[in-house]
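Below is one structure; the comments refer to it alone.
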Amino acid sequence: MEARRFRFLGALILVPALVMGCTSLPGDSAPQAIRPFERTHSTEDELAPIPGQEPDLLLRGFFTAAGNPAQKHQAARAFLTDSTASNWDDSAATLVLDRIDLNAEPGATEDSISYKVRGTVVGTLATGGVYTPENGEYEATMQLNRINGEWRISALPPGVVLERTELRNKFSPYELFFFAPTGKFLVRDRRWVYNGQPSLDTALLSLLMEGPQTDLAPGLVDEIPPDAVFTGAEGGVYHFTGFGDLDIDQRHRFAAQVVWTLAHAGTRGPYRVELDGTPVDPAHEALTVEDVAEFNPNAFAGAISPLYALNDGSLMLVDGTDARPVAGPLGTAGNIESAEISSSGGVVAVVENSAGSRAAGQEAPSSTRRGRSRLLLGPVGGQTAEVLTAGTLTRPSFEYEATALWTVLDGRTVARVARSTSTGELSQVEVDASSLDEPDNGGDDQLISVLRLSPDGVRVAMIRNGRVWVGTISRPAPGERKIVRPVEIAPAIGDTALALSWQQDGSLLVGTSSPDTPVWRVEVDGSAVTSLPTGNLTAPIVAVASSSTTLYATDARAMLQLPASTNSAAFWREVPAFQGTRSVPVVAD
């Protein structure tokens with residue numbers, strides 16, 4: 001995908017419309033609440049121009065103040081002339097830059113000066129605190145004039161520009177929860193909320209009522225009535241209206257959305273929620289997370305994840321310091337190139353190569369490789385049956401409870417194999433991935449080397465020509481699947497990605513060919529790309545996996561592990577069962 005460029009040739013040229021419509025962020029205005037009014041005090045020093053401040057420092061102060069979105073960026077408008085403050089359109093876009101560089105333009109006078117503002121755009125922050133990664137160059141001209149002896153900004157482009165450090169200083173990520181189409185899972189919808197909110201709980205519930213973010217909405221079910229309203233909190237009770245048409249099950253699911261959104265944000269329960277004047281659950285006037293435990297979004301994190309491994313093309317079960325071949329033919333196959341195991345479904349899917357086993361972890365399709373790949377499916381430790389064949393097949397990825405699996409044929413065709421609930425027969429259908437072929441989404445020349453479904457089945461992560469993409473899975477009709485809204489979420493990694501795996505908190509673990517940064521943690525919205533300890537890792541990292549307690553990686557020498565909760569000084573250690581051998585981790589879901 002070509003890097004998007006953001007350039008302003010003059011102070012009054014409009015920002016390209018990255019974010020359409022109103023872009024008020026959480027914190028623009030407090031939600032309407034029926035609790036008694038209490039004056040709040042800012043937790044940070046008031047940002048305002050300093051008398052006698054030099055123009056470059058005043059401009060720096062303006063960018064810092066722009067991190068406060070309250071009252072249409074009132075703090076930032078104090079750095080503008082009166083007429084400019086009245087006309088500045090702060091809703092055009094909010095761009096996040098890695099850093100802001102200032103250079104004075106020639107032609108400055110005693111009372112007038114212009115600065116060229118430059119930086120690399122790493123993301124945008126849109127309506128409702130939705131972060132979207134970007135990769136492009138920003139350039140704008142801003143003019144300052146001396147008014148009554150004080151410098152003020154007299155001309156600037158529309159929109160807001162933030163340094164990445166200001167985003168992290170002034171905003172924090174929180175999660176709203178909406179339901180997957182199955183109704184079994186709550187799906188995380190990550191939002192950035194201004195830290196100066198007087199009432200975080202009411203801000204989050206207001207966002208919840210506005211529905212899921214645009215990129216995620218096609219893969220979710222939103223049962224909240226379109227006319228429903230959150231009217232605020234009074235006496236510890238959260239009041240909603242417009243829910244008269246919901247049945248008891250729908251009311252319970254809405255209660256789960258509210259409870260888990262508040263609980264994840266640190267708001268202590270129990271929670272009293274009323275819909276149209278009556279408790280959301282007539283049996284419980286106040287709710288706790290135990291009352292909606294069946295929808296616990298952290299359930300995956302608490303699940304036991306058995307560890308398997310591919311060693312010399314055969315499937316092994318790891319038990320502490322020992323590893324033994326699984327029962328059946330897969331334990332001695334010698335030509336398995338990738339595998340996926342579903343503990344909940346009790347099945348295994350493997351990709352075998354007729355030309356023999358490949359080097360550990362090599363999943364990328366290659367037009368020069370001899371032989372063909374075939375997908376086998378069967379019970380763990382039992383006999384398997386061939387499902388399909390192709391020149392290359394990516395590692396299979398199961399939907400929950402192994403009701404279906406996905407793989408990519410020859411780097412291009414995304415296939416979904418599902419078992420009929422009535423006949424038990426397997427059927428293969430092509431997933432509509434046409435959105436990936438669009439020019440803005442990489443085009444049709446990008447081969448998919450890795451494809452992994454999120455545990456909730458709503459997102460799909462892919463490596464395409466070494467770049468990490470995430471898309472949403474929609475369901476146009478029963479049995480049909482479509483990948484929509486694809487976004488490259490880690491441009492900083494470039495085209496070095498080789499392996500990826502979903503972590504149980506919704507982030508991604510990515511292995512690369514980079515010697516300096518072999519393993520990354522990537523947030524699903526692309527807002528943070530963090531290098532994990534390099535320690536004794538030797539690139540390339542050809543396989544990664546994770547459980548609730550441990551991260552795994554196969555580098556150029558061995559299969560290694562690292563505690564999931566660790567610090568940057570930690571070292572990866574060889575998995576005891578495979579010391580001295582190079583194997584590929586397979587964590588059963």
Side-chain angles (χ1 to χ4, degrees), residues 1-5 18 121-123 132-136 215-216 218-219 337-338 351 358 361-369 373 375 388 390-397 405-416 429-454 458-474 481-502 508-514 517 520 522-526 529 539-544:
M1 179 180 67
E2 294 185 3
R4 300 182 185 177
R5 298 185 62 83
L18 288 174
V121 179
V122 296
T132 302
E134 296 286 350
N135 185 25
D215 284 352
L216 197 53
E337 51 187 47
S338 65
V351 174
R358 299 161 62 187
Q362 291 184 354
E363 293 189 77
S366 171
S367 59
T368 61
R369 202 181 91 224
S373 295
L375 176 67
L388 56 86
T392 64
L393 292 168
T394 61
R395 178 185 172 189
S397 187
L405 65 81
W406 292 41
T407 186
V408 182
L409 287 65
D410 302 318
R412 297 186 180 278
T413 304
V414 181
R416 178 177 183 264
V429 296
E430 182 175 344
V431 175
D432 183 351
S434 57
S435 62
L436 301 177
D437 297 336
E438 298 173 4
D440 286 346
N441 296 332
D444 60 3
D445 62 339
Q446 293 200 8
L447 299 182
I448 302 173
S449 59
V450 179
L451 181 146
R452 309 300 299 157
L453 298 175
S454 62
V458 172
R459 291 183 173 99
V460 58
M462 299 161 284
I463 296 179
R464 306 170 62 215
N465 285 18
R467 298 183 177 274
V468 181
W469 289 74
V470 169
T472 298
I473 301 171
S474 69
R481 299 293 186 272
K482 183 177 183 179
I483 299 175
V484 299
R485 306 282 185 175
V487 176
E488 183 183 0
I489 65 166
I493 294 178
D495 60 358
T496 65
L498 297 175
L500 63 77
S501 174
W502 287 95
L508 289 167
L509 188 66
V510 181
T512 76
S513 59
S514 171
T517 50
W520 297 83
V522 180
E523 298 298 339
V524 71
D525 64 353
V529 182
I541 306 299
V542 295
V544 291

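All residue numbers refer to positions in the sequence shown, counting from 1.
For the atom pair OG of S449 and CG of L498, the computed distance is 7.5 Å after rounding to the nearest 0.5 Å. Atom CG of L453 is separated from atom CE of M462 by 10.0 Å, given to the nearest 0.5 angstrom. The distance from the CD1 atom of I448 to the OG1 atom of T413 is 9.0 Å, given to the nearest 0.5 Å. To the nearest 0.5 Å, atoms CZ (R395) and CG (L405) are separated by 12.0 Å. To the nearest 0.5 angstrom, R412 atom CZ is 7.5 Å from D445 atom CG. Residue D525 holds its CG atom at 8.0 Å from OG1 of T132, rounded to the nearest 0.5 Å.
Side-chain contact between L508 and W502 is present, with heavy atoms from C-beta onward closer than 4.5 Å. Side-chain contact check for L451 versus V460: some heavy-atom pair is nearer than 4.5 Å. Side-chain atoms of N465 and L447, non-hydrogen and from C-beta on, do get closer than 4.5 Å to each other. Side-chain contact check for V431 versus I473: every heavy-atom pair is 4.5 Å or farther apart. When side chains are defined from C-beta on, V522 does not count as touching L500, because their heavy atoms never get closer than 4.5 Å. T407 has its side chain within reach of T394: a pair of non-hydrogen atoms, C-beta onward, lies under 4.5 Å apart. Proximity of E488 to N135: side-chain heavy atoms (C-beta onward) are nowhere separated by under 4.5 Å. Put simply, the side chain of V351 reaches to within 4.5 Å of the side chain of P396, judged on heavy atoms.
Looking at S435, its side chain does come within 3.5 Å of a backbone N or O of I483 through a donor-acceptor pair. Listed for the R452 side chain is no donor-acceptor partner under 3.5 Å among the backbone atoms of A499. Between the side chain of D432 and the main chain of S434, a donor-acceptor pair closer than 3.5 Å is present.
Residues W520 and V529 share a closest heavy-atom pair of CE3-CG1, 3.2 Å. The two residues V408 and G411 have their closest heavy-atom pair at CG1-C, 3.5 Å. Taking each heavy atom of E134 and P491 in turn, the nearest pair found is O-CG, 4.2 Å. When all heavy atoms of P133 and V487 are compared, the closest pair comes out as CG-CG1, 3.8 Å.
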Step-by-step side chain to side chain contact (heavy atoms under 4.5 Å, CB included) determination, L388 to L375
CA-CA 5 Å; L388 56 86; L375 176 67; 4.1 Å; yes
What's the verdict on side chain to side chain contact (heavy atoms under 4.5 Å, CB included) for L216 and R485, showing C-alpha distance, side-chain angles and the deciding distance?
CA-CA 8 Å; L216 197 53; R485 306 282 185 175; over 6 Å; no
Step by step, work out the side chain to side chain contact (heavy atoms under 4.5 Å, CB included) result for V414 and R481.
CA-CA 10 Å; V414 181; R481 299 293 186 272; over 6 Å; no
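Test I463, T512, I541 against T496 for side chain to side chain contact (heavy atoms under 4.5 Å, CB included) and you get one pass: T512.
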